[in-house]
Amino acid sequence: MKRLVLALAVVGLAAACERRSEVADPVVDCARLEDAAARIAACTAVAEDETKSAEQRAAAYAQRGAAREDGSEVTPALRDYEAALRLDETQPLALIGRGRILVRSGQLDAAEPLLVRAIASDDTGVARELLGRIALQQGRVVEAITHFDASLAQAQSASAMAGRARAKQRGGDLGGAAADYDAAVRLDGTLSEARAGRCWLDLNEERNLERARTDAEAAVAADPHNSEAQLCRGVLQLRGGEWANARASFETVLSVEPGNPVALFGRGIARRRSGDNDGREDMNLARDFDRHIGEQFDDMGVETY
């Protein structure tokens, strides 16, 4: 009888332990759950729990911001990052998240100090990559490469590799750019930035036009709104005499960048070659934006007459 009682007690204790292990821990769930809605709910529970430490609540706001940013909820994400920084001004995820949103919106001067602070808190390489992109957009090519090098020393990221390729290309190191684009594509074959960048490099240097077309198609499939990819594909379609396809590629760009001179001039050529003489209007308008645009198309192997 005593053995039976002992056995039942052990079973009961095990069941109690199992029930305790199944109780959700919002702090853990906030950091680890993959389901966005469940993660946001867990992070909200922690962020609004005033019994938690300021650091825990700040981390929860930052994690919720990241989940919302992943879901393209940019404004709520930005508010969460700001709430996190009010509680903990060194919170790295919030510094990087807010900095990333500012970079994407073109507010480079506002983003840079946040990312510098993020490096001091937690140098994972992400902030370094974003600083590289800021430097590149501002024309500081050598500094950009230094930042991308530092980012890649922390982790081999296809995005950072593509950024460094672009910086090397801007600085005239075409061989280095080609090697980095190749590496970026090997790391992530769906990265539109790497595919589009390599497409232009191959096109302008007459390296591998067949691969350039493959890259353009892959970049557009991954991101139809990538103007660089659509433009590269459009030029290649012009070279191949695909007038209707080329016109569609250029019109996709013009739907978001109405004054893009390459798209205007390319569409003009496609229209003229398909029998629409009003394509001259597109070409003349493109020349108003860039008087050397015709020479650029000549260099890309496209007959403009």
Side-chain angles (χ1 to χ4, degrees), residues 17 19-138 140 143-144 146-160 163:
C17 290
R19 284 194 298 273
R20 280 198 297 271
S21 68
E22 292 175 354
V23 174
D25 182 343
V27 175
V28 174
D29 290 346
C30 175
R32 296 182 182 177
L33 285 177
E34 294 184 4
D35 180 77
R39 183 180 174 190
I40 288 172
C43 292
T44 300
V46 178
E48 296 179 354
D49 184 352
E50 295 187 0
T51 67
K52 302 295 185 185
S53 68
E55 290 77 11
Q56 286 179 313
R57 294 178 64 206
Y61 274 119
Q63 290 283 0
R64 189 173 74 176
R68 285 173 164 170
E69 186 182 355
D70 287 344
S72 299
E73 298 179 65
V74 177
T75 300
L78 191 58
R79 289 173 181 159
D80 279 344
Y81 292 140
E82 290 169 348
L85 293 173
R86 283 195 295 270
L87 289 166
D88 178 3
E89 64 181 12
T90 67
Q91 217 297 320
L93 184 60
L95 288 168
I96 291 171
R98 187 167 182 233
R100 180 171 49 240
I101 290 174
L102 292 174
V103 169
R104 288 174 178 168
S105 64
Q107 300 178 66
L108 306 184
D109 290 338
E112 191 166 15
L114 294 172
L115 297 167
V116 171
R117 283 165 53 194
I119 290 173
S121 299
D122 181 19
D123 190 2
T124 60
V126 178
R128 298 272 188 180
E129 179 188 340
L130 289 167
L131 285 169
R133 293 188 178 279
I134 290 173
L136 183 58
Q137 289 188 55
Q138 294 179 336
R140 296 177 276 134
E143 183 181 340
T146 299
H147 282 305
F148 288 126
D149 284 343
S151 176
L152 290 164
Q154 296 292 333
Q156 289 294 294
S157 157
S159 179

Is there side-chain contact between [X] and [Y], with heavy atoms separated by less than 4.5 Å?
| X | Y | answer |
| --- | --- | --- |
| I96 | E129 | no |
| L108 | V103 | yes |
| L152 | Q156 | yes |
| Y81 | E69 | yes |
| L131 | E143 | no |
| Q154 | T124 | no |
| R100 | V126 | yes |
| V27 | K52 | yes |

For R79, I'd like to know if atom CZ has over 12 heavy atoms of other residues, nucleotides or ligands within 6.0 Å.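 Not buried by this count: 12 neighbours or fewer within 6.0 Å.
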More than 12 heavy atoms of other groups within 6.0 Å of E89 CD: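 Check fails, neighbour count at 12 or below.
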I need the minimum non-hydrogen distance between [X] and [Y], along with the two atoms involved.
| X | Y | result |
| --- | --- | --- |
| I101 | A77 | CD1-CB, 4.2 Å |
| R39 | D29 | CG-O, 4.3 Å |
| A62 | A84 | N-CB, 3.9 Å |
| A144 | G132 | CB-O, 3.4 Å |
| R57 | V46 | CG-O, 3.6 Å |
| G99 | A111 | O-CB, 3.5 Å |

Under the 3.5 angstrom rule, does the side chain of [X] hit a backbone N or O of [Y] as a donor-acceptor pair?
| X | Y | answer |
| --- | --- | --- |
| T90 | S121 | no |
| R128 | A160 | no |
| T44 | I40 | yes |
| E73 | P76 | no |

Identified side-chain contact (heavy atoms from CB on, under 4.5 Å) counterpart of L95 within the set V116, I119, L85: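 Of the listed options, the one satisfying the test is L85.
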Mind checking the [atom1]-[atom2] spacing from [X] to [Y]? Nearest 0.5 Å is all I need.
| X | Y | atom1 | atom2 | value |
| --- | --- | --- | --- | --- |
| Q91 | Y61 | CD | OH | 13.0 Å |
| R140 | I134 | CZ | CD1 | 7.5 Å |
| R98 | R117 | CZ | CZ | 8.5 Å |
| D49 | Q56 | CG | CD | 8.5 Å |

One pair to check against side-chain hydrogen bond (donor to acceptor under 3.5 Å, both in side chains): S159 and R133. What are the steps and the verdict? CA-CA 10 Å; S159 179; R133 293 188 178 279; 3.2 Å; yes
Kindly determine whether R32 and D25 satisfy side-chain contact (heavy atoms from CB on, under 4.5 Å), including the steps that lead there. CA-CA 11 Å; R32 296 182 182 177; D25 182 343; over 6 Å; no
